[in-house]
S.K.: 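My structure is below; once you've seen it, I'll send some questions.
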Amino acid sequence: MEKVVIVRYCEIHLKGKNRGYFEKVFMNNLEKALTGIRHEMHKPSGRYVVENFDEGRAEEIVERLRKVFGTHTLSIGYKVEADMQKIYEAVKVIAPQEGTFKVETNRGDKKFPLNSMQINAQIGGRLLDDFPSLRVDVHNPQTVVSIDVRENGTALVFGGVVKAAGGMPVGTAGKGMLLLSGGIDSPVAGYMIAKRGMKIEGLHFHSYPYTNMQAREKVEELARILSTYTGGMTLNVVSVTHIQEAIHKNCPEEMMITLLRRFMMRIAERLCEKSGAQCIITGESLGQVASQTIEGMTSSNAVVKNVPVLRPLVGFDKTEIIERSRAIGTFETSIQPYEDCCTVFLPKHPLIRPKLSEVEAAEAKLDVEALTEEALSTLETVHF
Ligand code: ATP
Ligand code: MG
């Protein structure tokens, strides 16, 4: 009896002709998530089975694979010889000793002497004999004991099902540039888009020495957490110190954030060209703060020429975003106190509804191209 982990995937089967490609990307992502754990991965029809690992690491394998987008559910089970006595021995290990259950068999090997109904009846009957507090409930059982008789003379036996992240395999929906601040929202935005299969690259702006190293370490930690879902992630770090100083010196105080956002977008678009990213992703939510009005978004979109700006959180309440941030494990890091570059030279009364013509007039005082290029020359990249 050998311990195995069964991985079930979702949505991928919807992809018709592309199915082979989706499965290949998915399998690569599963393999990447298991880096450092000895194992073998097999793919009998419709699922993946991880085998031949050190049995003490089964929980860790489940924990890692749960986060791989495309994974629907997981189970820890056993692989045994396809023989009723051997199957029952494994069933006895995973079955509950009380409450309700049903046995469900999938007979891939049509030559197996019993059909699935007979297997269910025999295994269920033996369980009832051995555990008098168990009852069968075929409609709403507390536990489903599953048996999968395979064509190669083995059978898989498994019980509990762990829900996984769902979504689509990262790498099947292009690549995006995520504006990653140290706040609560942007990691959630990145997670949501990655979950739809998009590979994510991060871009963080700092205003060192006005912002400190802790702020940067915090963003690196957020990128590291995100990378456990996305199978690795590159973080670009760019200084906007000189841009902020130039705005502060030459433009109306209340336009600091509006103008800074436009620079962020320009820099993001240039990095998209460089890295092959096909969109910019932000954590903005309509009306959440003064700069996140539709006018603010119009002003920042106006400088982006060739890629769409995705704002997956645009219709979310802060409480909903916080819930998600807790669920994906970024919340505790996000709430550590820090100075974002947006809080440097923060105006007392930021412009809430910037008019594009006025923004452009204020910006005309700056050498936009030189400031953008200078910021890009500070680019550092970190890989997670
Ligand atoms: P977050 O919690 O994501 O920081 P927020 O509610 O603090 O969002 P803002 O600070 O207005 O909102 O930022 C809006 C969006 O702009 C962020 O979600 C992020 O995508 C981007 N952004 C803001 N500051 C930075 C930064 N320093 N580096 C990279 N992107 C940033
Ligand atoms: Mg912020």
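Note that the structure is predicted; figures quoted are calculated from it, not measured. Values below: all heavy atoms of this structure, side chains included; hydrogens, waters and symmetry mates excluded. Order of listing sets the numbers, starting from 1, for every ligand and every atom in it.
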S.K.: Pick whichever of Met265, Lys318, Arg261, Arg311 has a heavy atom sitting closest to atom 13 (O) of ligand 1.
M.R.: Arg261
S.K.: May I ask you to check whether Phe158 and Tyr78 place their ring centers less than 6.0 Å from one another?
M.R.: no
S.K.: Which ligand 1 atoms are under 4.0 Å away from a heavy-atom of Thr282?
M.R.: 20 (O)
S.K.: If you measure from atom 5 (P) of ligand 1 to every heavy atom of Leu203, Asp185, Leu178, Leu179, which option wins on shortest distance?
M.R.: Asp185
S.K.: Should the proximity of Ile257 to ligand 1, defined as any heavy atom under 4.0 Å, be assigned to the side chain, the backbone, both, or neither?
M.R.: neither
S.K.: So does Lys92 pair up with Asp130, basic N to acidic O under 4.0 Å?
M.R.: yes
S.K.: With nothing but distance in play, are any N or O atoms of Met264 less than 3.5 Å from an N or O of ligand 1?
M.R.: no
S.K.: Is Ile281 in polar range of ligand 1, meaning some N or O pair under 3.5 Å apart?
M.R.: no
S.K.: Does the distance from a Lys or Arg side-chain N to an Asp or Glu carboxylate O, for Arg266 and Glu363, drop under 4.0 Å?
M.R.: yes
S.K.: Only heavy atoms of Glu284, strictly under 4.0 Å: list the atoms of ligand 1 that pass.
M.R.: 14 (C), 15 (C), 18 (O)
S.K.: Assert yes or no for the condition that the ring centre distance of Phe263 to Phe205 is strictly below 6.0 Å.
M.R.: no
S.K.: In terms of the angle between their ring planes, are Tyr229 and Tyr191 parallel, tilted or perpendicular, with boundaries placed at 30° and 60°?
M.R.: perpendicular
S.K.: By number and element, which atoms of ligand 1 are closer than 4.0 Å to a non-hydrogen atom of Ile184?
M.R.: 2 (O)
S.K.: Judged by atom type as modelled, is there a donor-acceptor pair below 3.5 Å linking the side chain of Ser207 to the main-chain atoms of Tyr210?
M.R.: no
S.K.: Treat each ILVMFWY residue as a node, draw an edge where side-chain heavy atoms are under 4.5 Å apart, and state whether Leu376 and Leu203 are in one component.
M.R.: yes
S.K.: Show which atoms of ligand 1 fall inside a sub-4.0 Å distance from at least one heavy-atom site of His204.
M.R.: 27 (N), 28 (N), 29 (C)
S.K.: Can you list the atoms of ligand 1 that are under 4.0 Å from a heavy atom of Gly183?
M.R.: 1 (P), 2 (O), 4 (O)
